[in-house]
K.L.:
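Below you will find the structure I want to go over with you.
This structure is a prediction, so every number in the text was calculated from the model and none was measured.
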Amino acid sequence: MEKKNVIKEKSFAFAIEIVSLYKILAERKEFVLSKQLLRSGTSIGANVRESEHAQSKADFIHKLSIALKEANETEYWIDLLFETKYLSQTEFDIIKPKIVELLKLLTSIINTSKK
C-alpha cells in the first residue's frame, strides 16, 4: 500500500483550481496578472513532483524551497487580483486559505527535512 503524499495531492488539486480560476479571469478579459497566477500556481505542484525524485536530501530541500517560493508568489498574485477587484470576495475566500495551507505545509516539510 502506497503512503499518502498530502503535499503532492494538495498541490495538484490547487493547480487544478488555479487553471479554473485562470479561465474565469480570461473570460473577464484579465490576461496579464492571471497568466502570472497560472504560471506560479501550477509550478508549486510541478516542483513538489520533482522533489519525489530528488538525488539527495539537499536536492529534495532545494526543490521544495522552489515550490515554497512559487507558493509565496502565488499568494501575492491572489492578493493583488483581489485588491484590484478582479477576484470577488467569495473567490478570494475560497482560494486564499488553500495557498496559506500549502505555504504552511511546505515550510513545515522543509524545516523538518533540515533537522
K.L.:
Who passes side chain to side chain contact (heavy atoms under 4.5 Å, CB included) against F82, sequence neighbours left out?
P.N.:
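Counting only residues at least two positions away or on another chain, F82 forms a side chain to side chain contact (heavy atoms under 4.5 Å, CB included) with L87, Q89, F92.
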K.L.:
Checking R49 against F12: charged group under 6.0 Å from the ring centre and within 45 degrees of the axis?
P.N.:
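Satisfied, under 6.0 Å and within 45°.
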K.L.:
Taking Q55's backbone N and O only, do any of them form a donor-acceptor pair with D59's side chain (distance below 3.5 Å, no angle check)?
P.N.:
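Indeed, once roles are kept as given, a pair shorter than 3.5 Å links the two residues.
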K.L.:
Are S51 and N47 close enough that a side-chain donor and a side-chain acceptor fall under 3.5 Å?
P.N.:
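No donor-acceptor contact under 3.5 Å links the two side chains.
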K.L.:
Distance check, rounded to the nearest 0.5 Å: L37 atom CG versus E75 atom CD?
P.N.:
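Between L37 CG and E75 CD, I get 12.0 Å after rounding to 0.5 Å.
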K.L.:
Rounded to the nearest 0.5 Å, what separation is found between the NZ atom of K35 and the CG atom of L33?
P.N.:
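Between K35 NZ and L33 CG, I get 12.5 Å after rounding to 0.5 Å.
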K.L.:
State whether the number of non-hydrogen atoms from other residues, nucleotides or ligands found under 6.0 Å of K69 atom NZ is greater than 12.
P.N.:
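Count not over threshold, so no.
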K.L.:
Is there side-chain contact between F60 and E52, with at least one heavy-atom pair below 4.5 Å?
P.N.:
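Counting from C-beta outward, F60 and E52 never come under 4.5 Å.
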K.L.:
Using every non-hydrogen atom in the two residues, find where S11 and I44 come nearest and quote the distance to one decimal.
P.N.:
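The pair with the smallest heavy-atom distance is CB-CG2, 4.1 Å.
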K.L.:
Working note: I61 + I109, criterion side chain to side chain contact (heavy atoms under 4.5 Å, CB included); need CA distance, chi angles, decisive distance, verdict.
P.N.:
CA-CA 9 Å; I61 292 167; I109 294 166; over 6 Å; no
K.L.:
Between E30 (side chain only) and S34 (backbone N and O only), is there a donor and an acceptor less than 3.5 Å apart?
P.N.:
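Checked: pair present.
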K.L.:
Would you check if K85 and L81 make a side-chain contact, meaning some heavy-atom pair closer than 4.5 Å?
P.N.:
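No, every pair of side-chain atoms sits at 4.5 Å or beyond.
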K.L.:
Among pairs that include at least one residue of residues 103-115, which meet side-chain hydrogen bond (donor to acceptor under 3.5 Å, both in side chains), considering only residues two or more places apart or in two chains?
P.N.:
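Qualifying pairs, neighbours excluded: none.
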K.L.:
Do you know which two heavy atoms are closest between L106 and L64, and how far apart they sit?
P.N.:
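Closest pair (atom of L106, atom of L64, distance): CD2-CD2, 3.9 Å.
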K.L.:
May I ask you to decide whether R39 forms a salt bridge with E73, counting only side-chain N to carboxylate O separations under 4.0 Å?
P.N.:
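Looking at R39 and E73, the cut-off is met.
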K.L.:
Determine, stepwise, if the pair T90 / I94 fulfils side chain to side chain contact (heavy atoms under 4.5 Å, CB included).
P.N.:
CA-CA 6 Å; T90 303; I94 290 168; 4.1 Å; yes
K.L.:
If you apply the rule side chain to side chain contact (heavy atoms under 4.5 Å, CB included), what do you find for T74 with F14, and how did you get there?
P.N.:
CA-CA 11 Å; T74 300; F14 183 77; 3.8 Å; yes
K.L.:
If you group Ile, Leu, Val, Met, Phe, Trp and Tyr by side-chain heavy-atom gaps below 4.5 Å, do Y76 and F31 land in one group?
P.N.:
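They do not share one cluster, since no chain of ILVMFWY contacts under 4.5 Å joins Y76 to F31.
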K.L.:
Roughly how far apart are I95 CD1 and E17 CD, rounded to 0.5 Å?
P.N.:
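Nearest 0.5 Å value for the CD1-CD distance: 4.5 Å.
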K.L.:
Would you name the heavy atoms of Y86 and E91 that are closest together and state the gap between them?
P.N.:
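Closest approach of Y86 to E91, heavy atoms only: O-OE1, 4.1 Å.
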K.L.:
Once you round to the nearest 0.5 Å, how far does CG of D93 lie from NZ of K98?
P.N.:
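The distance works out to 11.5 Å.
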K.L.:
With side chain to side chain contact (heavy atoms under 4.5 Å, CB included) as the test, would you mind laying out the steps for I66 and E50 before giving the verdict?
P.N.:
CA-CA 10 Å; I66 294 170; E50 275 192 49; over 6 Å; no
